[in-house]
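From a predicted model like this one, the values you see are computed outputs, not experimental measurements.
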Amino acid sequence: MAPPEWTIVDFIHRGPWWRNHGIRVLNLLLIVPLLTASINGLDSSLVNGLQILPAWQDFFTHPDGKTLGLISAAQVIGSIAGLPFTPYCSDNLGRRPTLFIGALVMLAGVALQSSATGIGMFIGARGLIGFGLTFALNAAPLLITELAYPTQRGKLTSMYNASWYFGSILSAWTCFGAWNGAGTSPWSWRIPTLIQALGPVIQVFLIWLVPESPRFLVAKGRESKAASALARFHSMTADERDPLVVFEMAQIRHALKMEKEAAQSTSFSTLFATPGNRRRMCIIIALAIFSQWSGNGLVSYYINLVLEGVGISDAGTKAAINGGLQVWNLVAAMSGALLVDKLGRRTLFIISNVGMLIDFAAWTLTTALFNTLHEAAAAKTTIPFIFIFYFFYDIAYTPMLIAYTLEILPFNIRAKGFAVMNLVVSLTLAFNQFVNPWALDAIGWKYYLVYCGWLIIELVFIVVCIIETKGRTLEETAALFDGEQQPHALMQTGGEAATMSMGVPRGPGIWVQEEKSTITDIVEMHDATPRRVAGPSRYSAANGDSESASSRDWEAL
């Protein structure tokens with residue numbers, strides 16, 4: 001008889017998350033790192049909105065071509081400059097201090113940008129903001145992913161990148177309001193730049209209320225603090241002997257031990273040292289490229305040029321379309337984030353790529369008709385196609401680019417692999433921001449045909465290479481790429497450790513062992529002498545219900 005296999009489903013809280021005090025408080029605290037994506041959305045979209053404002057155009061003498069490309073790319077260049085330092089900061093100082101450092105640097109950049117007196121000063125400020133932002137972008141999703149309650153992790157990490165659009169909405173409508181209220185005054189562009197300080201200020205003062213990543217704490221030998229954090233936010237009674245807490249600690253320690261045995265020292269070369277890691281990085285790099293080269297970069301950074309390309313030149317109309325598009329993007333992205341555990345990651349990626357390919361082909365056709373035959377109806381039809389395209393893009397690439405990347409990376413290379421993903425995104429962004437305006441000026445609508453061909457390549461890759469990851473812990477998901485033995489060992493270790501803590505009841509729905517063994521005792525014993533125990537009953541922190549274990553029940557939670 002084969003040993004039973006356990007998954008996290010055997011021990012989690014069953015019921016609405018808002019009825020669990022620990023999860024409720026944790027989700028509220030995680031809003032602080034979640035703000036990072038909104039800050040990124042505001043910073044990245046700002047230049048797009050400023051281009052529409054006559055006062056900004058006049059103040060900086062109507063930049064175009066290479067100058068406009070440099071203004072747009074300055075933040076990305078700053079991000080690339082900071083990328084080599086961010087994983088080491090996250091892995092050595094911790095996720096919270098890294099986020100704090102990033103927020104401080106961004107505040108300095110915002111102060112410089114809002115007081116800019118020339119184009120050089122403005123570009124330099126954009127670069128400084130990008131440098132600080134890359135620290136926050138590395139640390140925030142790691143903290144969310146490694147701290148979130150198991151059933152909330154997929155939604156929260158997906159909502160993280162979807163929150164980008166909160167910032168872009170604020171940027172678009174702030175610029176629209178400034179244009180209406182301040183007209184040609186320089187304050188019509190300085191006020192939107194000052195709004196950028198709001199998110200970093202909140203993070204500077206509130207990040208220390210958020211607990212540190214338990215996986216980081218265990219990796220640094222601070223296991224008691226890790227167990228305390230998990231007990232406080234993952235257990236109904238804040239008991240470190242709660243079976244779920246014991247299960248998570250056992251899996252974290254076992255995964256870190258396996259990773260340490262596989263690589264005594266971790267460097268960027270480790271990312272490509274094994275077949276499993278090479279497969280991970282191939283998928284991560286491809287998704288990073290696809291996230292920027294699917295045609296979305298045309299509208300995200302140069303909506304002014306795209307709308308003028310179909311005959312829309314009024315500043316108010318362009319600002320209103322830009323603002324409405326950001327609201328639409330937010331709704332679509334959040335919808336995708338809420339569906340990741342229902343439909344699964346692979347299904348959403350396939351739906352997204354098929355929809356983008358069909359829609360972008362139609363978008364290309366209407367743009368061509370307007371430019372070649374000057375059909376006014378074609379120009380009007382183009383606008384709905386832009387909205388439809390973003391619906392399909394947003395349901396997968398916005399919520400899952402970061403979530404899927406972090407899920408498939410093991411702890412020892414998670415920060416470095418994530419830094420590589422950010423680097424690839426930054427490089428493809430920089431390429432887009434320099435090439436797109438030149439290409440649109442040079443060949444107009446024919447440039448859209450390049451993206452049509454590229455979307456076909458994307459679809460083939462998604463169908464062939466993306467694997468499903470829903471219903472697993474971070475450790476179990478990461479181990480999928482390293483063969484069947486490691487996922488089985490992780491499930492067995494966590495399950496056996498947890499069931500040993502279920503000897504007698506102590507309070508409603510909480511079961512602990514009679515012998516007060518430490519977590520270290522439990523894990524070390526199982527590492528040394530694997531044993532077979534009776535299959536566990538389904539643990540319920542809410543009411544103690546039991547039923548046969550099945551990972552498929554994850555979807556119902």
Side-chain angles (χ1 to χ4, degrees), residues 36-37 39-48 66-93 95 98-99 101-110 112-113 119-142 160-161 164 167 196 200 267-272 281 284-294 296-297 300-302 397 401-402 405-406 409 413-438:
T36 305
I39 294 169
N40 185 23
L42 175 58
D43 294 346
S44 300
S45 303
L46 186 65
V47 173
N48 201 24
K66 294 180 180 180
T67 303
L68 183 58
L70 183 58
I71 293 172
S72 298
Q75 181 186 329
V76 177
I77 295 170
S79 295
I80 293 173
L83 276 174
F85 309 103
T86 56
Y88 295 102
C89 194
S90 289
D91 283 343
N92 291 289
L93 298 181
R95 285 39 169 148
T98 302
L99 184 57
I101 292 169
L104 281 180
V105 175
M106 281 190 284
L107 285 176
V110 170
L112 185 65
Q113 179 180 260
I119 197 69
M121 189 174 175
F122 189 85
I123 292 173
R126 299 291 300 163
L128 186 60
I129 291 172
F131 186 83
L133 182 61
T134 196
F135 282 83
L137 289 176
N138 184 269
L142 294 176
Y160 168 80
N161 212 35
W164 191 95
Q196 288 179 275
S267 64
F268 279 98
S269 63
T270 310
L271 296 175
F272 304 93
M281 295 312 299
I284 289 169
I285 291 172
L287 290 179
I289 294 172
F290 297 167
S291 73
Q292 303 304 321
W293 283 2
S294 296
N296 53 302
S300 294
Y301 298 95
Y302 296 103
Y397 283 95
L401 171 64
I402 290 175
T405 295
L406 296 179
L409 287 168
I413 60 172
R414 188 169 291 141
K416 293 179 176 63
F418 186 54
V420 169
M421 187 276 286
N422 282 324
L423 173 63
V424 175
V425 168
S426 296
L427 291 175
T428 51
L429 267 174
F431 177 87
N432 275 354
Q433 290 167 343
F434 277 115
V435 172
N436 281 345
W438 297 349

**Student:** So which atom in Leu99 and which in Ala136 form the shortest heavy-atom distance, rounded to 0.1 Å?
**Tutor:**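 Heavy atoms of Leu99 and Ala136 come nearest at CD1-CB, 3.4 Å.
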**Student:** Can a donor-acceptor pair be found, under 3.5 Å and without considering hydrogens, that links the side chain of Ser291 to the backbone of Ala288?
**Tutor:**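 Yes: the side chain of Ser291 pairs with the backbone of Ala288.
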**Student:** Please report the C-alpha distance between Asp43 and Gln75 in whole Å, then the side-chain angles of each, then the deciding distance to 0.1 Å, and finally whether the side chain to side chain donor-acceptor pair (under 3.5 Å) criterion is met.
**Tutor:** CA-CA 8 Å; Asp43 294 346; Gln75 181 186 329; 4.9 Å; no
**Student:** Measuring from atom CG of Leu107 to atom CG of Leu112, what distance do you get when rounded to the nearest 0.5 angstrom?
**Tutor:**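 Answer rounded to 0.5 Å: 12.5 Å.
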**Student:** Measure the shortest side-chain to side-chain distance between Val110 and Pro200 over non-hydrogen atoms and say whether it is less than 4.5 angstrom.
**Tutor:**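 The answer is no; the side chains never approach within 4.5 Å.
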**Student:** Okay, side chain of Asn422, backbone of Leu83: is any donor-acceptor separation there less than 3.5 Å?
**Tutor:**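 No.
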**Student:** Can you check whether Leu401 reaches Val425 side chain to side chain, under 4.5 Å on heavy atoms?
**Tutor:**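 In contact.
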**Student:** Could you walk me through whether Leu46 and Gln113 satisfy the side chain to side chain contact (heavy atoms under 4.5 Å, CB included) test, starting with their C-alpha distance in whole Å, then the side-chain angles of each, then the deciding distance to 0.1 Å, before giving a yes or no?
**Tutor:** CA-CA 12 Å; Leu46 186 65; Gln113 179 180 260; 3.7 Å; yes
**Student:** Quick one, Phe122 and Ile71 - any side-chain contact, counting heavy atoms below 4.5 Å?
**Tutor:**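 With C-beta onward as the side chain, the pair touches.
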**Student:** Quick check for you: to the nearest 0.5 Å, what is the distance between Leu427 atom CG and Ile77 atom CD1?
**Tutor:**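 So the gap between those two atoms works out to 10.5 Å.
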**Student:** Ignoring hydrogens, what is the shortest heavy-atom contact between Thr86 and Ala419? Give both atom names and the distance.
**Tutor:**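 Looking at all heavy atoms of both residues, the closest pair is OG1-CB, 4.3 Å.
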**Student:** Given side chain to side chain contact (heavy atoms under 4.5 Å, CB included), test Ile101 with Leu93 step by step and report yes or no.
**Tutor:** CA-CA 11 Å; Ile101 292 169; Leu93 298 181; 4.1 Å; yes
**Student:** Can you tell me how far apart CZ (Phe418) and CG (Leu409) are? Round to the nearest 0.5 Å.
**Tutor:**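 That separation rounds to 9.5 Å.
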**Student:** So, Asn138 side chain and Thr134 main chain: donor-acceptor pair closer than 3.5 Å or not?
**Tutor:**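 Such a contact is absent between Asn138 side chain and Thr134 backbone.
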**Student:** Whether Asp91 and Arg414 form a salt bridge (side-chain N of Lys/Arg under 4.0 Å from carboxylate O of Asp/Glu) is what I want to check.
**Tutor:**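 Salt bridge absent between Arg414 and Asp91.
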**Student:** Is there a side-chain contact between Phe135 and Phe131, using heavy atoms and a 4.5 Å cut-off?
**Tutor:**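 Sidechains of Phe131 and Phe135: in contact.
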**Student:** Side chains of Met421 and Ile285: closer than 4.5 Å at any heavy-atom pair?
**Tutor:**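 Of all side-chain heavy-atom pairs linking Ile285 with Met421, none is under 4.5 Å.
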**Student:** Report the distance from atom CG of Leu133 to atom CG of Leu128, rounding to the nearest 0.5 Å.
**Tutor:**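 Result: 11.0 Å between the selected atoms.
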**Student:** Look up atom OH in Tyr160 and atom CG in Leu406, then write down how far apart they are to the nearest 0.5 Å.
**Tutor:**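 Answer for the OH-CG pair, Tyr160 versus Leu406, is 9.0 Å.
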**Student:** Looking at every heavy atom in both Val420 and Met281, which two are closest together, and how far apart are they?
**Tutor:**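 Taking every non-hydrogen atom into account, CG1-CE, 3.6 Å.
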**Student:** Looking only at atom types and distance, does a side-chain atom of Thr428 sit under 3.5 Å from a main-chain N or O of Ile289, one as donor and one as acceptor?
**Tutor:**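 Flag not set: sc Thr428 to bb Ile289 has no pair under 3.5 Å.
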**Student:** Does any non-hydrogen side-chain atom of Ile129 lie less than 4.5 Å from one of Gln196?
**Tutor:**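 In short, these two side chains touch, coming nearer than 4.5 Å.
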